[in-house]
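A short write-up of the structure that comes next.
FYI, side chains are in, hydrogens and waters are out, and symmetry mates aren't considered; it's all heavy atoms of this structure.
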Amino acid sequence: MNKIYTLLPEVEGEEAIFLDSLLKDMNEEQAQNFILIYRGRRKDPQTILLTALLGFFGFAGIHRFFINHIGMGILYFFTAGLCFIGTIVDLVNHKNLAFEHNQQVAREIKLLIS
């Protein structure tokens with residue numbers, strides 16, 4: 001677990017455990033390559049929270065576009081965040097949205113590197 005915190009100090013909790021399980025069977029060079037790519041594609045939960053807050057000011061759905069949920073982003077945009085209910089739910093679940101996106105990104109990168 002210390003390996004992941006030295007390579008990616010910004011991750012925490014479930015994400016760190018998940019990444020540690022992905023990196024355990026990689027050699028040092030593969031882990032470094034993984035980290036370089038992952039750091040560029042990873043979405044920070046705080047950024048998702050801030051973009052979800054924009055939904056209350058007329059820009060609903062930006063956070064969904066940000067995590068590649070294009071269909072939901074369009075739906076949120078044209079329905080004012082599903083009458084603000086969807087935006088409120090996403091505000092509460094912003095960490096889960098980020099974690100799910102980051103898991104998918106990590107799996108894709110692992111396949112790319114392997």
Side-chain angles (χ1 to χ4, degrees):
M1 185 65 87
N2 288 334
K3 180 179 179 182
I4 194 67
Y5 287 124
T6 57
L7 295 172
L8 276 170
E10 63 268 19
V11 300
E12 55 188 36
E14 286 183 66
E15 186 177 8
I17 294 168
F18 176 74
L19 291 174
D20 190 51
S21 68
L22 283 180
L23 292 176
K24 70 180 176 185
D25 55 341
M26 291 185 189
N27 63 35
E28 192 64 33
E29 181 182 347
Q30 287 175 324
Q32 289 292 333
N33 289 336
F34 176 88
I35 295 300
L36 285 174
I37 298 169
Y38 182 75
R39 185 172 274 139
R41 294 184 184 177
R42 178 183 180 270
K43 303 300 182 197
D44 184 44
Q46 297 302 317
T47 306
I48 293 173
L49 176 65
L50 291 173
T51 54
L53 283 171
L54 290 175
F56 291 113
F57 300 104
F59 302 105
I62 291 176
H63 64 289
R64 291 292 186 155
F65 287 109
F66 192 64
I67 58 174
N68 296 329
H69 293 169
I70 306 301
M72 287 298 289
I74 292 170
L75 181 66
Y76 274 43
F77 184 76
F78 287 115
T79 62
L82 299 173
C83 296
F84 298 112
I85 294 170
T87 301
I88 293 169
V89 169
D90 286 350
L91 286 172
V92 172
N93 293 322
H94 71 280
K95 287 185 179 182
N96 190 35
L97 289 171
F99 180 59
E100 289 173 1
H101 173 77
N102 292 337
Q103 273 185 317
Q104 183 63 33
V105 166
R107 286 186 190 111
E108 290 172 4
I109 296 169
K110 184 174 180 181
L111 289 175
L112 180 72
I113 290 179
S114 298

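Across all non-hydrogen atoms, the minimal contact from Ala80 to Ala60 is C-CB, 3.9 Å. Taking both residues in full, the closest heavy atoms of Ala52 and Thr87 are given as O-CG2, 3.4 Å, listed atom of the first, atom of the second, then distance. When every heavy atom of His101 is checked against every heavy atom of Arg41, the shortest pair comes out as NE2-O, 3.8 Å.
You'll find the side chain of Arg39 reaches within 4.5 Å of the side chain of Glu10, heavy atoms only. For the pair Phe56/Leu91, a side-chain contact is recorded, criterion being any heavy-atom separation below 4.5 Å from C-beta on. At least one side-chain heavy atom of Val11 sits under 4.5 Å from a side-chain heavy atom of Arg42. Inter-residue side-chain proximity for Leu112 and Glu108 is flagged as unmet; no heavy-atom pair is nearer than 4.5 Å. Proximity of Phe77 to Ile62: side-chain heavy atoms (C-beta onward) are nowhere separated by under 4.5 Å.
Note that OG1 of Thr51 and NZ of Lys43 are 10.0 Å apart. Values are rounded to the nearest 0.5 Å. To the nearest 0.5 angstrom, His94 atom NE2 is 9.0 Å from Leu97 atom CG. The CG atom of Asn102 lies 8.5 Å from the CG atom of Asp44; values are rounded to the nearest 0.5 Å. Rounded to the nearest 0.5 Å, atoms CD1 (Ile85) and CD1 (Ile88) are 7.0 Å apart. From Ile113, atom CD1 reaches atom CD1 of Ile35 across 8.5 Å, with rounding to the nearest 0.5 Å.
The number of heavy atoms from other shown groups lying within 6.0 Å of NZ (Lys110) is above 12. By the 6.0 Å contact criterion, CD on Gln32 is enclosed, its count of non-hydrogen atoms from other residues, nucleotides or ligands being greater than 12. Remark: Glu14 CD is loosely packed, at most 12 non-hydrogen atoms of other residues, nucleotides or ligands lying under 6.0 Å away.
Leu50 and Val92 are members of different hydrophobic clusters when ILVMFWY side chains are connected at heavy-atom separations under 4.5 Å. Val105 and Leu7 fall within the same hydrophobic cluster, defined by Ile, Leu, Val, Met, Phe, Trp and Tyr side-chain heavy atoms under 4.5 Å apart, directly or through other members. Under the 4.5 Å side-chain heavy-atom criterion for Ile, Leu, Val, Met, Phe, Trp and Tyr, Ile48 and Phe59 are members of distinct hydrophobic clusters. By the rule that hydrophobic residues join a cluster once side-chain heavy atoms approach within less than 4.5 Å of another member, Phe66 and Leu54 end up as members of separate clusters. Residues Met26 and Ile109 share a hydrophobic cluster, clusters being chains of Ile/Leu/Val/Met/Phe/Trp/Tyr side chains in contact below 4.5 Å.
Under the 30°/60° scheme for interplanar angles, the aromatic rings of Phe99 and Phe18 are found to stand perpendicular.
Residues Gln104 and Glu100 have side chains that never bring a donor and an acceptor to within less than 3.5 angstrom of each other.
Aromatic rings of His63 and Tyr76 (six-membered ring for Trp) have centroids within the 6.0 Å cut-off, being under it.
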